Amino acid sequence: MAIAGAGQLNLHESPCWGSRSVDCFEKLEQISEGTYGQVYMAREIKTGEIVALKKIRMDNERGFPITAIREIKILKKLHHENVIKLKESVTSQGAKDEQGRPGKCCPIPINNLLLGATKYSPAVDMWSVGCIFAELLHGKLIFPGKDEPEQLNKIFELCGAPDEVNWPGVSKIPWYNNFKPTRPMKRRLREALGNQEKAPATATTRRKGQTTEITAFTASCRLPPIQSGQAHAQMRPGPNPPLHGSQPPVAAGPGHHHGKPRGPAGGPGRYPANGTNGGFNHQNHGGGYSSGPYPPQGRGAPYGSSGMPGAGPRGSGGSGYGVGAPNYSQDGPTEVLVLDVALT
Amino acid sequence: SNETDGNSIPEMIALGLEIYKNLGYYAILKRPSKDYMKTVQIDINVEMRASLINLLVRVTEMKKLLLRPETLCLTVSYIDRYLSNISINSQQLQLLGLACMMIAWKYVSLKATPKVPVWCHVTGKSYLKDEMLQMESAVLYHLKYEMAVPTAYNFLRHVVWVAETRDRDHLLQLKCL
């Protein structure tokens, strides 16, 4: 950190924050639009380096969003090959941009707490981790509720409604009776997320290789609190881990479609989760989904081979990664997990 | 205190010790320079800082801002960390104080912060919105976005917790101190 020298004091100059202007970069195309701003593929004019430029929306009324502060801070701390590196932050007029490869900051729905539980336990954290994995798979927020009741409803729609059978003790949680769903809802997480073909366009090779594991974990991230120890066991790869040992039955999907031919990612209709209330077409998928264990090939298929998108179809437009940007395909995953700790 | 609900006493002891150690570690790591008034600053002095802090204490007492007690501690910590590295002039000192308080407010409270113009006019002096936003960015940048630092408030809370628990369980007290 530079210390201003004796001669550097200047009453008329805005405070020096030593960072460059966003004009040092040439925006090539918009990669995506996140919760907090747009992400562009850009080229540093001086060096030609391809970077991702994430524009943080400054709240003109309230200044720098606290979520962005956390995101930058955490990104600066993370040094891992699978985590995108924040290179620098640059400014544009009146706004603050952040350059690096894009991060993803997601509000984390926490089921127990939404229902009024006050004890913050490992189960709550495991839920959060599961949500993040699910969002990585899904490519967008999985529970995009505008308020708490709506958020809970979205959770119930995807994960099934909690009751004393699948979550002993749930009826004692303070707000359970206020929020419990009026109609029965079945768990359909695996149907919504279990299909690798649906992995987001931003997915990259290395991450895709791990999707099966992640999916298994996602599926196990169910309403009843799970112990972290169990969760770790579930994350381990391997044929048929005892996912359902002591857990309530889950509507198991037909594996992850490893063996099926991979076409281009489907149209928008294939992601029902963002739809509003109801309307999930359980019946349409119903047949083989709701019963029976995983077909062996679901878990046993080599993660690498069929999971790799390689040069395969990525879905039509909008997939910025890898297109004309050699850096991305070499560097592997560029998604970031940012845990929002706002609930402490 | 209901903070021990759901956790056993040994768990609480272990957690408490861990938290306390961690607080101490970061408090030292993020400690502002002791003599920045001499070594870094030119235009401001100790008295100016003191009157700024007094002013901020009065701001803290303003009901409309709904400040929580730790906000002031964090604000002072941000000010000192900023001034440890960046020389500013006396005209900007109050702006710095308010920008730091605005950030601390955001960090501490879960509610939306008062709008920037409120901060600009909270003291007799008026600043422009852009000035406030620029100062905010400058503080964040120079503090490396590391805004969660332990303050006296955290330590005090910890001590109070131990003191409260002491009446209930002497063993806990002995192990925690």
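Just so we're clear, the structure is a prediction, and the values are computed from it rather than from any experiment. Throughout, a chain's letter reflects where its sequence line sits, starting with A, and its residues are numbered from 1.
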**Request:** Look up atom CD in A:E61 and atom OG1 in B:T113, then write down how far apart they are to the nearest 0.5 Å.
**Result:** 11.0 Å
**Message:** For A:F64 versus B:K106, what's the shortest heavy-atom pair and its separation?
**Reply:** O-NZ, 2.5 Å
**Prompt:** Is any side-chain heavy atom of A:K76 closer than 4.5 Å to a side-chain heavy atom of B:E146?
**Reply:** no
**Request:** Kindly give the heavy-atom pair with the smallest separation between B:A148 and A:K73, and that separation in Å.
**Result:** CB-NZ, 4.3 Å
**Request:** Assess whether side-chain contact (heavy atoms from CB on, under 4.5 Å) is satisfied between A:R62 and B:W119, documenting all intermediate values.
**Result:** CA-CA 10 Å; A:R62 297 198 161 81; B:W119 293 107; over 6 Å; no
**Item:** chain A contacts, top residue of B:K115, B:M147, B:M102 (heavy-atom pairs, under 4.5 Å)
**Value:** B:K115
